[in-house]
Colleague: 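Quick one: the structure is below, questions incoming.
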Amino acid sequence: MAAGKGTRLKSRLPKVLHEIAGKPLLAHVIATASKVVPPENIFAIIGHEAGRVRSAVETTGINFIVQAEQRGTGHAIMVAHGSLQGFEHVLVLSGDVPLITPETIAQVRDFHVSNKAAMTVLTARPADPTGYGRVVRKLVDGDPTHEVDRIVEQKSLRDDESKLQEINSGIYAFAVGPLYAHIDRLTTNNEHREFYLTDMAEILGKAGQRVIATPASDTKEVLGVNTRMELAQLDAQLRDKKARELMEAGITIFRPETCGIDADVEVGPDTVIEPFVQIIGKTKIGADCRIRSYSVITNCTIEDRVLLLPGCILEDSVVRKGARLGPYSHLRPGSDIGEDAHVGNFVETKKLRLGKGSKANHLTYLGDADIGEGVNVGAGTITCNYDGVNKHKTTIHDGAFIGSDATLVAPVRVGRGAYVGAASCITADVPADSLAIGRGRQIVKEGWAKQHRAQQGGKQK
Ligand code: UD1
Ligand code: CA
């Protein structure tokens with residue numbers, strides 16, 4: 001179920017597209033469900049901003065059901081009727097309960113099937129049950145059984161029910177036959193004027209069907225996201241889990257609570273991650289690296305023994321073995337930093353291949369450039385890659401030396417082993433092993449300064 005608006009988030013973004021650990025809530029649920037049943041048997045009920053929700057998760061290969069008007073969780077399941085023809089059982093998950101695990105979903109399914117139930121509810125006993133529907137179990141001689149009498153929503157709790165601790169997780173298994181044989185008995189006779197799926201517990205029970213509950217082994221798995229606070233709490237929980245997994249696999253993370261590492265990130269052993277680092281998306285980091293503080297790495301491949309000094313921002317790039325970056329290097333998409341290469345402070349790159357052992361250590365822009373091995377790029381070098389209409393390429397061959405403050409006006413090529421004099425504006429190709437100097441010649445006027453001061457009133461010091 002993912003059709004709701006998520007009013008309590010006060011957002012223009014549909015609730016299920018809000019992200020925790022770098023992925024929309026719904027994407028977490030779909031990824032988990034896909035480990036239990038094949039994607040062709042998964043249906044997402046969408047409605048509010050359906051187009052946007054669909055396109056965010058379309059690549060998962062699941063199916064979609066549109067609930068055009070959102071009249072409650074019961075109504076969502078009514079709308080799904082046609083799609084469930086031919087299925088004997090259906091597992092119902094909530095798009096806003098993202099930490100559920102495949103094991104727990106399988107537990108609900110197995111408990112449901114082995115007990116031949118019409119409805120099985122996954123429950124929990126959180127420290128604070130406020131806001132959740134409560135499960136009222138049937139009693140035998142005053143003791144609760146695993147059969148459910150009814151589910152009462154928070155707003156409908158009577159005084160004597162307010163102490164009920166067991167909550168409805170919003171995750172269920174239903175036998176499809178009895179569900180749809182009785183679903184038209186749901187009414188909107190409640191606080192929200194909605195069809196509550198939870199009312200099916202009482203309806204099926206009264207129809208002589210078995211309605212049972214099974215508790216989740218870990219309460220954290222069934223926490224829902226209805227507010228921004230809960231969004232932040234669940235994000236923190238997933239980040240914490242990820243950091244623990246990495247630490248168990250041999251990665252050092254100092255102050256893990258300050259780091260944001262996305263679920264799909266991979267890191268090799270003995271890499272050290274310092275405080276306040278973000279590692280985002282499909283980033284892969286090798287072994288024996290050190291990622292110093294305030295670095296943000298998005299969708300990058302970083303090989304072994306790489307050192308990132310503080311404050312590096314890297315996106316869609318590759319950094320090869322033994323390279324050293326930073327502090328404050330900015331790799332924009334398409335950068336490929338070669339083995340043992342150095343990229344220093346305030347160096348910005350884009351679509352750059354920097355060869356093995358090459359260095360660009362200070363205050364430089366290298367865009368649309370192909371730089372060979374053992375090249376030294378001096379401080380303040382700029383590739384002028386854009387003529388206002390098109391982008392052009394700069395090629396620098398192995399062993400070249402680019403003096404400080406050179407501007408390389410692309411398209412241009414600097415040959416193997418060539419030198420470019422400092423402060424040159426290079427507009428034509430430089431042949432191999434030559435020296436190119438492209439700057440105004442220096443003029444020296446002997447005594448000029450002294451004379452100047454004398455003319456200004458003789459205030460000589
Ligand atoms: C629901 C349960 C509550 C349970 C809680 C667990 C009902 C009436 N109550 O409450 O007992 O404790 O979940 O998290 O079911 N949705 C639709 N279409 C709709 C309405 C909702 O698809 O018309 C989807 C929402 O997008 C969401 C899910 O159903 O993913 C749950 O809806 P929500 O409004 O968040 O229900 P809760 O108030 O949390
Ligand atoms: Ca909810």
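All of these numbers come straight from a predicted model, not from anything done at the bench. In each ligand, atom 1 is the first atom listed, and ligand 1 is the first ligand listed.
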Colleague: In plain terms, say whether Glu274 and Arg290 are close enough for a salt bridge, that is, a side-chain N and a carboxylate O under 4.0 Å apart.
Modeller: yes
Colleague: For atom 4 (C) of ligand 1, which protein heavy atom lies nearest, and how many Å away is it?
Modeller: Asn168 O, 3.2 Å
Colleague: Numbering the atoms of ligand 1 from 1, which are under 4.0 Å from a heavy atom of Gln67?
Modeller: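 Here the atoms of ligand 1 in question are 17 (C), 18 (N), 19 (C), 22 (O), 23 (O).
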Colleague: Quick one: does Asp96 get within less than 4.0 Å of ligand 1, heavy atoms only?
Modeller: yes
Colleague: Tell me which one of Gly4, Gly224, Gly72 gets a heavy atom nearest to atom 25 (C) of ligand 1.
Modeller: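 Answer by nearest heavy atom: Gly4.
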Colleague: For Lys15 and Asp96, which heavy atoms make the closest approach, and how far apart are they?
Modeller: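 For Lys15 and Asp96, the tightest heavy-atom pair comes out as NZ-OD2, 2.8 Å.
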Colleague: Parallel, tilted or perpendicular for Tyr294 and Phe276, by the 30°/60° rule?
Modeller: parallel
Colleague: Whether Arg71 and Glu194 form a salt bridge (side-chain N of Lys/Arg under 4.0 Å from carboxylate O of Asp/Glu) is what I want to check.
Modeller: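 Not counted as a salt bridge, because no side-chain N and carboxylate O are separated by less than 4.0 Å.
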Colleague: NE2 of His112 to CE of Met119: how many Å apart, nearest 0.5 Å?
Modeller: 10.0 Å
Colleague: Looking at atom 13 (O) of ligand 1, what's its closest protein heavy atom, distance included?
Modeller: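 The protein heavy atom lying closest is Gly170 CA, 4.4 Å.
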Colleague: Please determine whether any non-hydrogen atom of Arg71 lies less than 4.0 Å from an atom of ligand 1.
Modeller: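 Right, Arg71 reaches ligand 1.
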Colleague: Classify the contact between Arg8 and ligand 1 as side chain, backbone, both or neither, using a heavy-atom distance cut-off of under 4.0 Å.
Modeller: side chain
Colleague: Are Asp288 and Arg305 within salt-bridge range, i.e. N to O under 4.0 Å?
Modeller: no
Colleague: Short list, please: which atoms of ligand 1 are under 4.0 Å from a heavy atom of Thr73?
Modeller: 7 (C), 8 (C), 15 (O), 20 (C), 21 (C), 29 (O), 31 (C), 32 (O)
Colleague: I'd like to know if Arg244 and Glu248 make a salt bridge, using a cut-off of under 4.0 Å between side-chain N and carboxylate O.
Modeller: no
Colleague: State the atoms of ligand 1, each with its element, that fall below the 4.0 Å cut-off from a heavy-atom position in Thr198.
Modeller: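 So the atoms of ligand 1 that pass are 7 (C), 8 (C), 9 (N), 11 (O), 15 (O).
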Colleague: Which ligand 1 atoms does Ser169 reach within 4.0 Å, using its non-hydrogen atoms?
Modeller: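 Counting from 1, the qualifying ligand atoms are 6 (C), 14 (O).
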Colleague: Can you tell me which residue and heavy atom of the protein come closest to atom 24 (C) of ligand 1, and the distance to 0.1 Å?
Modeller: Met1 CB, 3.6 Å
Colleague: Nearest protein heavy-atom contact for atom 28 (C) of ligand 1: which residue, which atom, what distance?
Modeller: Ser94 OG, 3.7 Å
Colleague: Would you call Glu161 and Arg150 a salt bridge, taking side-chain N to carboxylate O under 4.0 Å as the test?
Modeller: yes
Colleague: Could you give me the CA-CA distance, side-chain angles and deciding distance for Thr364 and Glu348, then say whether side chain to side chain donor-acceptor pair (under 3.5 Å) is met?
Modeller: CA-CA 6 Å; Thr364 288; Glu348 175 183 343; over 6 Å; no
Colleague: Looking at the Ca ion (ligand 2), is one of the N, O or S atoms of Ser94 less than 3.0 Å from it?
Modeller: no
Colleague: To the nearest 0.5 Å, tell me how far Thr298 OG1 sits from Leu331 CG.
Modeller: 11.5 Å
Colleague: Give a yes or no on whether a salt bridge exists between Arg320 and Asp336, defined as a side-chain N under 4.0 angstrom from a carboxylate O.
Modeller: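 Judged by the 4.0 Å cut-off on N to carboxylate O distance, Arg320 and Asp336 do form a salt bridge.
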Colleague: The Ca ion (ligand 2) is nearest to which N, O or S atom of Asp96?
Modeller: OD2
Colleague: Taking the basic N atoms (NZ, or NE/NH1/NH2) and the acidic carboxylate oxygens, is any pair closer than 4.0 Å for Glu147 and Arg210?
Modeller: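 Answer for the salt bridge query: yes.
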Colleague: Is it true that Arg134 lies under 4.0 Å from ligand 1, counting heavy atoms only?
Modeller: no
Colleague: Could you tell me whether His330 and Phe346 have their ring centroids closer than 6.0 angstrom?
Modeller: no
Colleague: Considering the heavy atoms of Lys15, write down every atom of ligand 1 situated less than 4.0 Å from one of them.
Modeller: 35 (O)
Colleague: Which of the atoms of ligand 1 are close to Gly95, meaning less than 4.0 Å from one of its heavy atoms?
Modeller: 30 (O)
Colleague: Flag Gly133 as yes when one of its N or O atoms lies below 3.5 Å from any N or O atom of ligand 1, and as no otherwise.
Modeller: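 Among all N and O atoms of Gly133, at least one is under 3.5 Å from an N or O of ligand 1.
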Colleague: Where is the nearest protein heavy atom to atom 39 (O) of ligand 1: which residue, which atom, and how far?
Modeller: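 Protein heavy atom with the smallest distance to atom 39 (O) of ligand 1: Asn226 OD1, 3.6 Å.
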Colleague: Examine the proximity of ligand 1 to Ala3 and report which part, side chain or backbone, both or neither, has a heavy atom under 4.0 Å away.
Modeller: both
Colleague: What residue and heavy atom of the protein are closest to atom 1 (C) of ligand 1, and at what distance?
Modeller: Glu153 OE1, 4.6 Å
Colleague: Taking 4.0 Å as the limit for heavy-atom contacts, which would you say applies to Glu194 with ligand 1: side chain only, backbone only, both, or neither?
Modeller: neither
Colleague: State which residue, out of Arg332, Lys350, Arg353, fulfils the salt bridge (Lys or Arg N to Asp or Glu O under 4.0 Å) condition with Asp368.
Modeller: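 Result: among Arg332, Lys350, Arg353, Lys350 is the only option passing the salt bridge (Lys or Arg N to Asp or Glu O under 4.0 Å) with Asp368.
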Colleague: Would you say atom 36 (O) of ligand 1 makes contact with the protein, given that contact here means a non-hydrogen protein atom less than 4.0 Å away?
Modeller: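 No; the ligand atom in question lacks any protein heavy-atom contact below 4.0 Å.
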Colleague: Is it true that Met78 lies under 4.0 Å from ligand 1, counting heavy atoms only?
Modeller: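 False for this residue.
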